[in-house]
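Inspection log for the structure reproduced underneath, given as structure tokens.
Side-chain atoms are counted along with the backbone in the values below, which use heavy atoms only and exclude waters and symmetry mates. Please read these numbers as outputs of a predicted model, since none were measured by experiment.
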Amino acid sequence: LHRLGESVSKKRGKTKKVKRKVKPDEAPVQEMDQAEGEETEKKSVSGPCFPPTFSVSEIKNKQRRHAMFLKLKEEKRKQKLELKKKKKKERKALGDQAPPKEVPKTIENQRIYDETTVNPEDEEVAFDEGTDEFSAYFSRLTNPKVLITTSDRPRGRTVRFCEQLATVIPHAHVYYRRGLALKRVIPQCVSRGFTYVMVINEDRKVPNGLVLCHLPDGPTAHFKVSNVRLRKEMKRRGKDPTEHVPEVILNNFSTRLGHSIGRLFAALFPHDPQFVGRQVATFHNQRDFIFFRFHRYIFKNEKKVGIQELGPRFTLKLRSLQKGTFDSKFGEYEWVHKRHEMDSSRRKFHL
């Protein structure tokens, strides 16, 4: 038995893996296989080949469909980039004889013409503006005095927003509602000489609405408020604003409705800005969204001027314009935003 164990162990020790010798004829075959594999990899990287009638929506598997969609999107992007480079080379080769560049289509330049667009030299518009509710302000007969209040039980963010608005608008006073109805607030404001009531509404501790009522005869505008950024939330902001009266810039309020809203904002601020303060409040209308920004000029030298944002910033969207002071039941509305209009279009704007 001992001898048998020794012989078995010797046999096990002798067993080795036999390496297969590669013949010289087989080497080119392997190289060709590798070359074919590389070609297929290159083809797969360059982009998938599909029949002309292929549609990604035909793929039933959601993950494969998404992956295929991303591949097709990347392929289209590369084709677009190559075409752009080719056109650039052609323009460079032609030099002065190159055709003029095509104007890109944007929502602004494709806007549907509005019949109510105001001509600055129109006598009818000038007469209407001379006899409207803001004529006393623009004739310098009244000075603005604004009351800023909130909805019932405001949270900290809404309170801070009101306080920062009061530093932007001169002669503005912040008062808390304490459960008082707005219809009872307005007569008290008129008796105390206020020209505006501004109500900031909130939802889930975030400001989401603004009611701006011009006193004593209206109109009243209701706005949706979004993208509110307070001063502490802004990067690279300047120091807190001073008490100087800022300039007011109103951009792109071109229709009759836009003129009314622009005059509503203009009458919030006193007549003569104090240029020493170098502060400017901007209401910029773009696609019926009104962007508010508050900046300070910084004069670097005699030729270069920079701007520094002071805050706060927010975006307004007009929901309704009502004649007279606030009256939710029996008020007469000049304009109401309709979400599902039959003639609604992305290229139709109202302001």
Are [X] and [Y] close enough that their ring centers fall under 6.0 Å?
X      : Y      : value
Phe291 : Phe314 : no
Tyr137 : His271 : yes
Phe223 : Phe265 : yes

Between [X] and [Y] (salt bridge meaning N to carboxylate O under 4.0 Å), is one present in this structure?
X      : Y      : result
Glu233 : Arg157 : yes
Arg140 : Asp272 : yes
Glu74  : Arg77  : yes
Glu332 : Lys323 : yes

Which atoms form the tightest heavy-atom contact between [X] and [Y], and what is the distance?
X      : Y      : value
Ala281 : Phe269 : CB-CZ, 4.1 Å
Pro170 : Pro246 : CG-CD, 3.8 Å
Pro241 : Thr167 : CG-OG1, 4.1 Å

Atom pair [atom1]/[atom2] of [X] and [Y] - distance to nearest 0.5 Å:
X      : Y      : atom1 : atom2 : value
Thr116 : His259 : OG1   : NE2   : 10.0 Å
Leu182 : Cys189 : CG    : SG    : 8.5 Å
Leu321 : Leu264 : CG    : CG    : 7.5 Å
Asp122 : Glu129 : CG    : CD    : 9.5 Å
Arg319 : Tyr333 : CZ    : OH    : 13.5 Å
Ile307 : Gln279 : CD1   : CD    : 13.5 Å

Is there a donor-acceptor pair closer than 3.5 Å between any side-chain N or O of [X] and the backbone N or O of [Y]?
X      : Y      : answer
Glu202 : Ser151 : no
Asn61  : Arg64  : yes
Arg91  : Pro99  : yes
Arg65  : Lys60  : yes
Thr220 : Gly324 : yes
Gln322 : Asp327 : yes
Arg278 : Tyr297 : yes
Gln164 : Arg231 : yes
Thr117 : Thr255 : no
Arg153 : Gly179 : no

Co-membership, hydrophobic cluster, residues [X] and [Y], 4.5 Å side-chain:
X      : Y      : result
Ile249 : Phe283 : no
Tyr175 : Phe326 : yes
Val228 : Leu310 : yes
Phe289 : Phe294 : no
Val159 : Met198 : no

Compare all side-chain heavy atoms of [X] with those of [Y] and state whether any distance is below 4.5 angstrom.
X      : Y      : result
Val211 : Asn201 : yes
Val206 : Val225 : no
Val56  : Leu72  : yes
Pro219 : Phe134 : yes
Pro144 : Pro270 : yes
Cys162 : Val174 : yes

Residue of the set Ile261, Asn252, Asn251, Thr315 for which side chain to side chain contact (heavy atoms under 4.5 Å, CB included) holds with Ile290:
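For Ile290, the side chain to side chain contact (heavy atoms under 4.5 Å, CB included) check succeeds only for Ile261.
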Member of Leu147, Val197, Leu180 meeting the side chain to side chain contact (heavy atoms under 4.5 Å, CB included) criterion with Gln188
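Result: among Leu147, Val197, Leu180, Leu180 is the only option passing the side chain to side chain contact (heavy atoms under 4.5 Å, CB included) with Gln188.
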Please check if any side-chain donor atom of His295 sits under 3.5 Å from a side-chain acceptor atom of Gln308, or the reverse.
no
Taking atom types as modelled, find out whether Thr242 and His244 have a side-chain donor-acceptor pair closer than 3.5 angstrom.
yes
Should we say atom [atom1] of [X] is surrounded by more than 12 heavy atoms from elsewhere, each under 6.0 Å from it?
X      : atom1 : value
His66  : NE2   : no
Lys224 : NZ    : no
Lys87  : NZ    : no
Phe127 : CZ    : no
Glu58  : CD    : yes
Lys183 : NZ    : yes
Phe69  : CZ    : no
Asn301 : CG    : yes

For a side-chain contact (heavy atoms from CB on, under 4.5 Å) check, start with the C-alpha distance between Arg263 and Phe138, then their side-chain angles and the critical distance, and finish with the verdict.
CA-CA 9 Å; Arg263 287 165 71 83; Phe138 286 99; 3.5 Å; yes
Met234/Glu309 under side-chain contact (heavy atoms from CB on, under 4.5 Å): CA gap, chis, key distance, verdict:
CA-CA 9 Å; Met234 297 172 64; Glu309 191 169 357; 3.1 Å; yes
One pair to check against side-chain contact (heavy atoms from CB on, under 4.5 Å): Lys317 and Asp288. What are the steps and the verdict?
CA-CA 7 Å; Lys317 174 83 171 175; Asp288 287 351; 3.7 Å; yes
Phe292 six-ring centre to Arg313 NZ/CZ under 6.0 Å and within 45° of normal:
no
Salt bridge (charged side-chain N to carboxylate O under 4.0 Å, His left out) assessment of Arg256 paired with Asp128
CA-CA 10 Å; Arg256 291 295 293 266; Asp128 289 345; 2.7 Å; yes
